[in-house]
Amino acid sequence: MKESAYRKALLKHGADILFSPSMQSEKHFLQHGRVSVFTHSIAAACTCICIARILRARLGIRLNERALIRGALLHDYFLYDWHIPDRTHRLHGFFHARRAFENASRDFALGEIERDMILRHMFPLNLTPPACPESILLCIADKLCAADETLTRTSRYRKISRFF
Ligand SMILES: [Fe+2]
Ligand SMILES: [Fe+2]
């Protein structure tokens with residue numbers, strides 16, 4: 001997929017999230033390697049868009065692209081730097097999905113799919129499995145991005161992320 005196609009989809013469905021002050025603050029929080037939570041979230045959203053479009057073209061499987069993009073953008077909306085030692089950041093892996101969900105429902109109107117995506121994206125570390133196909137896709141996309149960012153210490157989606 002071309003960069004312009006990703007940008008167009010992100011702008012169409014997630015502009016309000018991407019340009020919000022809290023989401024912009026994610027640029028200052030590191031996620032994996034030298035990749036910020038902001039760029040990681042865009043990478044997860046782009047990976048979801050790419051796989052969803054392949055599923056649709058090859059297998060006729062139709063996912064809700066708007067929910068997919070919004071849920072992926074907000075999946076790590078926990079809004080702190082988990083590398084900084086602090087009592088409230090303890091066991092980040094286990095608790096950040098809940099924190100992201102609470103922040104996201106405070107700041108944006110979430111649909112059923114987005115809620116499930118954010119709350120369940122840490123499966124199997126968080127034991128409740130995803131309930132919709134969009135959440136399963138995010139689970140996979142998030143892990144692919146995390147592995148790539150940890151190994152390369154950068155993101156292949158950083159140019160798209162800089163646009164926002
Ligand atoms: Fe996460
Ligand atoms: Fe993530």
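Each ligand, and each atom within it, is numbered from 1 in the order the structure gives. Source: prediction; values computed, not measured.
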Participant: Decide yes or no on ring pair (Phe, Tyr, Trp, His ring centres under 6.0 Å) for Phe78 and His89, but give the supporting numbers first.
Facilitator: CA-CA 10 Å; Phe78 45 83; His89 304 170; 8.8 Å; no

Participant: Distance from Glu26 atom CD to Ile17 atom CD1, nearest 0.5 Å?
Facilitator: 10.0 Å

Participant: Take atom NZ in Lys8; do more than 12 heavy atoms of anything else shown fall under 6.0 Å from it?
Facilitator: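 Not buried by this count: 12 neighbours or fewer within 6.0 Å.
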
Participant: Could you check whether Glu102 pairs with Arg99 (Lys NZ or Arg NE/NH1/NH2 to Asp/Glu carboxylate O, under 4.0 Å)?
Facilitator: no

Participant: With the side chain counted from C-beta on, respond yes when Asp142 and Asp76 share a heavy-atom pair under 4.5 Å apart, and no when they do not.
Facilitator: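 Yes, close enough: below the 4.5 Å cut-off.
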
Participant: Anything protein N/O/S under 2.8 Å from the Fe ion (ligand 2)? Just list residue and atom, please.
Facilitator: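 Under 2.8 Å from the Fe ion (ligand 2) - ignoring waters, which are not counted - the protein N, O or S atoms are His40 NE2, His75 NE2, Asp76 OD2, Asp142 OD1.
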
Participant: Check the side chains of Asp107 and Tyr77 for a donor-acceptor pair under 3.5 angstrom, ignoring hydrogens and angles.
Facilitator: yes

